[in-house]
Amino acid sequence: MQLQIYNTLTREKELFVPRIPGKVSMYLCGPTVYNRIHLGNARTFVLGDTIRRILVYLGYDVTYVQNFTDVDDKIIDRAAELGISVDELVEQEIKNYFTDAEALNIRAADKHPRVTAHIGDIVAFIEDLIAGDFAYVSDGDVFYSVESFPAYGQLSGQKLEDLALGSRVEVGEAKRHPADFVLWKAAKPGEPNWPSPWGAGRPGWHIECSAMVRSELGGHIDIHAGGSDLQFPHHENELAQSEALCPGEPLARYWVHGAFLIVNDEKMSKSQGNFFILRDILRHHDGSVVRFFLQSAHYRKPLAFDATSLDSANAALHRLKNTYAALEHVLAARDTPPASGEVLDLAKYEERFKETLADDFNAAGAWGVLFELAREANTAITRGGMGNTAEVLDTLHKLADVLGVELRVEKSIAAEVEELIARREEARRARDFWTADKIRQDLLQLGIVLEDTPQGVRWKLKW
RNA sequence: GGCGGCGUAGCCAAGUGGUAAGGCAGAGGUCUGCAAAACCUCUAUUCCCCAGUUCGAGUCUGGGCGCCGCCUCCA
């Protein structure tokens, strides 16, 4: 079993060889904190978290960094719109991000650096670029000179001539080449700014990641990930900045880009107006369902989203949760002798699961393996049990956790409800089915579903 | 115009040379006092079309058609 990763830089699936054997450093471009994330954004953050979990599962010691972009035009505009300070908005939205992430079972990264906490690193980085003749000062702004970096365009496959045609040069910008991009923006009145050798100002967008990778991870990393809209210009520019200073060693050995969420055959995005705020979706759907849905297609393929997507995902995931609950119930049944019968070949399933994930993080395929395991477990239960119920339960739980989904449904039950269930059992024994069905109906109103099984009554919360 | 990607059943999808995973929805059956859950059976002779390579192609090559993304803030 060897991990293979599709590398955007080479456009090929490559054998994964980290810089340091057994260790992986990974950086994911995080959110610009100006409002709640939408479902498309969530896909990328779930991807990063899933890759991290898979790497850990495969035995790597992972250092995972995800930044917050906390100074930017959109943030400044939004704060003004809301009539609050940039700081207030940023603090609020970072908090919101963690709330949303937690709902999707996205674990906090090892570090979540903020741009504004790294201004010194950024200024130092820009100074290095200027010293190396990769950047130039122009009236308080500092620009990166794309022509100084011959490899410019390698990540996106763009040629400088082609880029020049499409580039937009704003009035007043003194760029030497149309594709040159800003490293440091001179301060405008009323905007957040920091002192620098070129005057007060704030960092451009791309420089933050180069600087934070350098300060947090040492300048060279194994995996750099983000949504595919960041491939150009953001990642192309990051690469140019970082590798200008360190020729010979790549900024990232593997570039991973996640595909978009598609609504009505179009990319879900703020500008299209076809986006769904994650927060709103979570009002109606469990986070595990949303996460499961986001993993239902391979990360490099667009994933279609429509009104039925989450209901369908919910039904699918409950198939696994039901199997899990059934196994727990069998295991907990007191009066049944230890189950014998066939023993499920768990090693076989785990091997397939692992190999599928090792093939460019194929989570959707790995879920398929889990469904097959669930079917075999269900079949065994139907036939009277299996020899290794506890191990099946553990394996199912462990593998779902690699994908970040909890199959165990936490449930508590009030004493009155237990009393009702007991009374229904009495009624059933007395063949008073009218009363028994009445109690079952009443419980259903309370959101509790009863199932009569050979091992006794099983209940669950209605989904 | 430049660059990149996609096209698999009603729907969502996995699958990069060996004879079509999985899920949802649907039909029939089993189990059940009735349900629920589950199980069994059925639902793509076929992977947009046409050529080619090969013993063998959804998978490789060439051409065509359709769709999407990036090139401007964007996950």
Side-chain angles (χ1 to χ4, degrees), chain A residues 8 11 13 28-32 34 37-48 72-74 77 153 156-159 161-168 170 179 205 225-234 236 257-262 265-272 275 292-293 296-298 300-306 308-309 311-320 322-323 325-326 329 352 356 359 362-372 374-375 377-383 428 431-434 436-437 440-441 444 449-454 457-460 462:
Chain A
T8 305
R11 303 209 158 68
K13 237 187 249 181
L28 178 85
C29 290
T32 298
Y34 69 106
I37 62 171
H38 68 237
L39 194 56
N41 301 322
R43 189 181 186 197
T44 298
F45 302 137
V46 165
L47 170 65
D72 161 275
D73 289 340
K74 290 191 294 295
D77 293 346
S156 55
Q158 304 278 348
K159 294 193 206 86
E161 310 89 82
D162 298 332
L163 287 172
L165 298 171
S167 289
R168 188 176 63 181
E170 285 177 27
W205 178 33
S228 53
D229 45 2
L230 296 188
Q231 185 181 337
F232 188 89
H234 186 56
E236 185 75 61
H257 290 102
F260 301 124
L261 199 62
I262 301 296
D265 294 325
E266 286 186 327
K267 169 188 176 183
M268 177 183 286
S269 73
K270 300 265 168 78
S271 49
Q272 306 268 29
F275 61 91
F292 173 82
F293 165 69
S296 65
H298 183 91
R300 278 193 287 115
K301 280 203 180 179
L303 172 62
F305 175 74
D306 62 38
T308 70
S309 298
D311 289 335
S312 170
N314 186 39
L317 186 55
H318 269 85
R319 187 175 166 73
L320 294 178
N322 281 334
T323 298
H329 193 247
R352 282 178 56 208
T356 302
D359 182 7
N362 185 355
W367 277 115
V369 176
L370 259 37
F371 278 103
E372 289 179 49
R375 161 164 295 140
N378 284 331
T379 301
I381 291 171
T382 298
R383 290 180 186 161
R428 287 185 71 215
R431 302 193 68 77
D432 176 4
F433 296 121
W434 188 89
D437 289 350
R440 186 167 63 192
Q441 269 307 313
L444 190 60
V449 180
L450 296 189
E451 296 174 4
D452 301 323
T453 81
V457 181
R458 188 167 98 219
W459 65 272
K460 64 181 183 186
K462 189 181 171 187

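Only heavy atoms go into these numbers, but all of them, side chains included; no hydrogens, no water, no symmetry mates.
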* Asked: Using the C1' atom in both, what is the distance from G58(B) to U45(B), to the nearest Å?
  -> 14 Å

* Spacing of the C1' atoms in A36(B) and C31(B) (rounded, Å) -> 12 Å

* Can you find a donor-acceptor N/O pair under 3.5 angstrom joining the side chain of Arg440(A) to the base of A35(B)? -> yes

* Asp452(A) and Arg440(A): CA distance, side-chain angles, deciding distance, side-chain contact (heavy atoms from CB on, under 4.5 Å) verdict -> CA-CA 11 Å; Asp452(A) 301 323; Arg440(A) 186 167 63 192; 4.2 Å; yes

* **P spacing across the pair U54(B) / U61(B), given as an integer number of angstrom** => 16 Å

* To do: Using the C1' atom as the reference point in each nucleotide, state the distance between A44(B) and U19(B) in Å, no decimals.
  => 14 Å

* Asked: How would you label the contact of Asn362(A) with the nucleic acid (heavy atoms, under 4.0 Å): base, sugar-phosphate, or nothing?
  -> sugar-phosphate

* Base of C12(B) paired with side chain of Asp311(A) (donor-acceptor, under 3.5 Å) -> no

* Is there a side-chain polar atom (N or O) of Lys267(A) under 4.0 Å from OP1 or OP2 of A75(B)? -> no

* To do: Check the geometry between Phe371(A) and G22(B) and answer yes if their rings are stacked (centres below 5.5 Å, planes below 30°), otherwise no.
  => no

* **Side-chain donor/acceptor contact of Asp229(A) with base of G69(B) under 3.5 Å** => no

* side-chain contact (heavy atoms from CB on, under 4.5 Å) between Leu320(A) and Phe371(A): does it pass, once the steps are laid out? -> CA-CA 7 Å; Leu320(A) 294 178; Phe371(A) 278 103; 3.7 Å; yes

* To do: For Phe232(A), answer base if it contacts any base atom (sugar-phosphate contacts may also be present), sugar-phosphate if it contacts only those atoms, and nothing otherwise; contact means non-hydrogen atoms under 4.0 Å.
  => sugar-phosphate

* Asked: How do Ser156(A) and Lys13(A) order along RNA chain B: which one's closest nucleotide is nearer the 5' end?
  -> Ser156(A)

* Asked: If the P atom of U16(B) is compared with that of G29(B), how far apart are they to the nearest Å?
  -> 39 Å

* Between Leu261(A) and Phe293(A), does a side-chain contact (heavy atoms from CB on, under 4.5 Å) hold up when you go through it step by step? -> CA-CA 11 Å; Leu261(A) 199 62; Phe293(A) 165 69; 4.1 Å; yes

* Kindly say whether Gly153(A) contributes a backbone atom to a donor-acceptor pair with the side chain of Glu236(A) at under 3.5 angstrom? => yes

* Taking atom P in both A9(B) and G15(B), compute the distance separating them and give it to the nearest angstrom. => 16 Å

* **Pair Thr356(A), Asn362(A): side-chain N/O donor-acceptor within cut-off below 3.5 Å** => no

* Spacing of the C1' atoms in C47(B) and C60(B) (rounded, Å) -> 16 Å

* If you measure from the P atom in C50(B) to the same atom in U8(B), how many Å do you get, rounded? -> 16 Å

* Asked: Using purine N1 to pyrimidine N3 plus N6-O4 or O6-N4 for Watson-Crick, or N1-O2 and O6-N3 for G-U wobble, both under 3.5 Å, which nucleotide pairs with U16(B)?
  -> none

* To do: Quick one: list whatever passes salt bridge (charged side-chain N to carboxylate O under 4.0 Å, His left out) with Arg352(A), sequence neighbours left out.
  => Glu372(A)

* Nearest-angstrom distance from the residue atom CD1 of Ile262(A) to P of G69(B) -> 7 Å

* For A27(B), the Watson-Crick or wobble counterpart (both distances under 3.5 Å) -> U41(B)

* Taking the nucleotide of RNA chain B with the closest heavy atom to each, which residue, Pro302(A) or Asp359(A), is nearer the 5' end? -> Pro302(A)

* Structure fact -> Checking N1-N3 plus N6-O4 or O6-N4 for Watson-Crick, or N1-O2 and O6-N3 for wobble, each under 3.5 Å, the partner of C34(B) is none

* Return yes if the base of G4(B) and the side-chain atoms of Arg11(A) contain a donor-acceptor N/O pair under 3.5 Å, otherwise no. => no

* Asked: To the nearest angstrom, how far is Leu450(A) atom CG from C34(B) atom C1'?
  -> 13 Å

* **Base paired to U59(B) (Watson-Crick or G-U; both N/O distances under 3.5 angstrom)** => none

* **For atom CG of Asp265(A) and atom C1' of C68(B), their distance in whole Å** => 8 Å

